[in-house]
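The chains referred to below are lettered A, B, ... by the order of the sequence lines, with proteins before strands, and numbering in each begins at 1. All heavy atoms count here, side chains included; hydrogens, waters and symmetry mates do not. Given the structure is predicted, the values throughout are model-derived calculations rather than measurements.
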Number of protein chains: 2
Amino acid sequence: MFFIYICKKKSNIMRYKTDQATEERIKDAAGTLFTLKGYSSTTMRDIAAQAEVNLALVNYYFRSKENIFKIIMREKIQTFFNSIFPYLFDEQTSLQEKFTSVVEKYINTISQDPNLPLFVFGEIQKNPEEISSLFPMLASHNDILRESSFFKQLHKINPHLNPFHFILNFLGITIFPFIASPLLVNFGMESSENMKTIMEERKKLIPQWMNQMLLIE
Amino acid sequence: MFFIYICKKKSNIMRYKTDQATEERIKDAAGTLFTLKGYSSTTMRDIAAQAEVNLALVNYYFRSKENIFKIIMREKIQTFFNSIFPYLFDEQTSLQEKFTSVVEKYINTISQDPNLPLFVFGEIQKNPEEISSLFPMLASHNDILRESSFFKQLHKINPHLNPFHFILNFLGITIFPFIASPLLVNFGMESSENMKTIMEERKKLIPQWMNQMLLIE
DNA sequence: GTCTATAGAGAGATAGAC
DNA sequence: GTCTATCTCTCTATAGAC
């Protein structure tokens, strides 16, 4: 009895420290691998190895591969949209301020996790209904973008063109460089170090380009 | 003997018609599934079912999954680059002409296979060295883009900015809409029918936007 | 060429010891 | 909580009949 008591106590103390660290390590490993290789190419054994834990532990903490993926996916999409959405709906800021703050925030976020855009768009392509189930709010209320302050401001400045064009342009020139960078490195574009400085330059340039584009009728 | 002769003859006649059709059907099925779901999420059984043939036949014609994937991948990348590259290196055309002809050609090509960009960039992210092995020409000669007529013309018109910025912008506003469309449909952007008209509008708009952007120093 | 049947490898998941 | 061992399923690939 005494022995068991001691062990239990020790195990409880350990748990508080170790468990959190282990769970977090597994989640980090899964996040890295999923964003890099996608759902199907990532195995539970990969995740265990990357997290330096036993395979059984991954199931112990997260029950199933599908479950751990959903958790990761939800967080990643959250990160992805949170760096844009709050700004787009802010009625207090000007179009200019939106351009600069979204670009700044977005490039900072993605720089820390450059595979994020390709992961998000890729998984949405593979499983379009998934995003609706993750964010039912969007499915039910799907004019959300059209009713944003951003959309209205774009329309006011240039009523001749569908504001979606400008949104596509804005996201395109901001996000696409991250999507294309592995390819462009092959074409002698930039080493991954230079990619960083390129993106820093673009923080200032993108708002200017957007202003120029708005002039067209 | 006579029986065998007849059968052989019949089988040869059949082969000419049937085999080509079967092989083509398998390749089409594989192409569709790979571009939609990626390498790992696509099974040989999927391909067989989609092509309406027996599983063993897929291996009969293409030997292995990896092999059929390489064949598809090579063709898709070929299509992808052929809609851009010849124009970029043409010394005879002006920058304006390049903008319009690349946009026209590219949007037409991708419209027939909207998943192509995400597939190409996704697989390159998963396996960056693969493209070098598929196109050794690029690996050995990787200043290819920098030496293009397009690059030089951009530099001449705006010497203050790295031409890669404009190339990123150009590809971004052209390609990104296809990458983002499954997502934007969720945000009430456009039904897939309207996506077609949106892209038609962009054929004319993109060259104009590019001109505007070039003005910035 | 096309099919059925199956070998063989690798995946996700869990039981049970510690 | 963590590990070893194993079950079960599905996948790729092929052998062999027609």
Query raised in the report: Which pairs with one or both residues in residues 79-89 of chain B pass salt bridge (charged side-chain N to carboxylate O under 4.0 Å, His left out), sequence neighbours excluded?
Result: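 Salt bridge (charged side-chain N to carboxylate O under 4.0 Å, His left out) check on residues 79-89 of chain B returns no pairs.
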Would you tabulate the side-chain donor-acceptor contacts of residues 65-72 of chain B under 3.5 Å, counting partners in other chains and residues two or more places apart, or write 'none'?
{"from": "K65(B)", "atom 1": "NZ", "to": "Y39(B)", "atom 2": "O", "distance (Å)": "3.2"}
{"from": "K65(B)", "atom 1": "NZ", "to": "T42(B)", "atom 2": "O", "distance (Å)": "2.7"}
{"from": "N67(B)", "atom 1": "ND2", "to": "F62(B)", "atom 2": "O", "distance (Å)": "2.9"}

Query raised in the report: Do any of residues 67-76 of chain B sit with a heavy atom less than 4.0 Å from DNA chain C, and if so which?
Result: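 Of all residues in residues 67-76 of chain B, none places a heavy atom under 4.0 Å from DNA chain C.
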Atom pairs and distances, donor-acceptor, side-chain atoms in residues 113-123 of chain A, under 3.5 Å, two or more places apart:
{"from": "D113(A)", "atom 1": "OD2", "to": "K76(A)", "atom 2": "NZ", "distance (Å)": "2.8"}
{"from": "N115(A)", "atom 1": "OD1", "to": "Q125(B)", "atom 2": "NE2", "distance (Å)": "2.8"}

Going by side chain to side chain contact (heavy atoms under 4.5 Å, CB included), name the residues that satisfy it together with [X], two or more places apart in sequence or in a different chain.
{"X": "S83(B)", "value": "K105(B), Y106(B), T109(B)"}
{"X": "N127(B)", "value": "E129(B), E130(B)"}
{"X": "T32(A)", "value": "none"}

Report task. Decide whether S40(A) and K126(A) meet the rule of one side-chain donor and one side-chain acceptor closer than 3.5 Å. Result ->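 The criterion, which ignores hydrogens and geometry beyond distance, is not satisfied for K126(A) and S40(A).
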Report task. Quick one, give me the B/S/- string for nucleotides 10-16 of chain C, reading 5' to 3', where B means a protein heavy atom under 4.0 Å from the base and S means that only happens at the primed atoms, P, OP1 or OP2. Result -> -BBBB--
Query raised in the report: Can you list the residues that meet the ring pair (Phe, Tyr, Trp, His ring centres under 6.0 Å) rule with Y60(B), with sequence neighbours excluded?
Result: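 Not a single residue meets the ring pair (Phe, Tyr, Trp, His ring centres under 6.0 Å) criterion with Y60(B).
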Requested in this report: Find the distance L57(A):CG to dA5(D):C1' and express it as a whole number of Å.
Outcome: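 After rounding, the reported distance stands at 15 Å.
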